[in-house]
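Remarks on the structure that follows.
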Amino acid sequence: MNNFALLACRKLLFLDVVEAAKHIGGVEPRTWRYYESGRSSLPDAIVKKMHNLIRRRESLLKEMRLAAQSHRQLGQGRQVVPYYVTFEQFVQETGLDDVLEWRLDMSVKSALYIEDLLVFY
């Protein structure tokens, strides 16, 4: 993974620099910006975490896509799902106090919305 791939993965996961630095790298945002600019080399641990998150996203995407397609095949139209705009909403509704899970949820649901499989409330 190079600096451009790191940037693309972070954006795909809907993470801002501060969130990625804290929850993936355990580093200061400035250090993360150095990774993305190519000024500093990426630690293997960060590369591994990013690959794991992207794999998890793909798995969730596949699972939710199948559920939404089944919903539509039953004649029920697009599946209606919550979209948590804030982390506080996500925690309150799901009980999960995990920024990465919240951002994965946003990323996957947004992709399925673009595919016209979901509607948000």
For this session: Please write out which residues are connected to Leu66 in a hydrophobic cluster, directly or through intermediates, given that two of Ile, Leu, Val, Met, Phe, Trp, Tyr count as joined at side-chain heavy-atom separations below 4.5 angstrom.
Result: none

Problem set entry | Glu58: side chain to side chain donor-acceptor pair (under 3.5 Å) partners, not counting sequence neighbours | none

Problem set entry | All side-chain contact (heavy atoms from CB on, under 4.5 Å) counterparts of Arg72, not counting sequence neighbours | Arg78, Asp116, Leu117

Exercise. With Phe14, which residues qualify under ring pair (Phe, Tyr, Trp, His ring centres under 6.0 Å), at least two apart?
Worked result: none

Problem set entry | Nearest non-hydrogen partners of Met50 and Cys9, listed with the distance | CE-CB, 3.5 Å

For this session: Answer with yes or no whether the hydrophobic clustering places Leu7 together with Ile54; edges join I, L, V, M, F, W, Y residues whose side-chain heavy atoms lie under 4.5 Å apart.
Result: no

Problem set entry | ring pair (Phe, Tyr, Trp, His ring centres under 6.0 Å) partners for Tyr83, two or more places apart | Phe120

For this session: For Glu28, check salt bridge (Lys or Arg N to Asp or Glu O under 4.0 Å) against everything at least two apart and list the hits.
Result: none

For this session: Mark yes or no for whether Lys49, through its side chain, and Asp44, through its backbone, hold a donor-acceptor pair below 3.5 Å.
Result: no

Exercise. For Asn3, which residues count as a side-chain contact (heavy atoms from CB on, under 4.5 Å) partner, sequence neighbours excluded?
Worked result: none

Exercise. Got a sec, which residues hit side chain to side chain donor-acceptor pair (under 3.5 Å) with Glu93, two or more places apart in sequence or on another chain?
Worked result: none

Seminar exercise, completed: side-chain contact (heavy atoms from CB on, under 4.5 Å) filter on Arg55, not counting sequence neighbours, yields His51, Asn52

Donor-acceptor pairs under 3.5 angstrom involving side-chain atoms of residues 84-92: please list them, not counting sequence neighbours.
{"residue": "Thr86", "atom": "OG1", "partner": "Gln89", "partner atom": "N", "Å": "3.1"}
{"residue": "Gln89", "atom": "OE1", "partner": "Val85", "partner atom": "N", "Å": "2.8"}
{"residue": "Gln89", "atom": "OE1", "partner": "Thr86", "partner atom": "N", "Å": "3.0"}

For this session: Any pair with a residue in residues 11-22 that passes side chain to side chain donor-acceptor pair (under 3.5 Å), sequence neighbours left out, goes on the list, sorted by first then second residue, please.
Result: Glu19-Arg103

For this session: Using the test side-chain contact (heavy atoms from CB on, under 4.5 Å), find all partners of Ser40 that sit at least two apart in sequence or belong to another chain.
Result: Tyr34, Tyr35

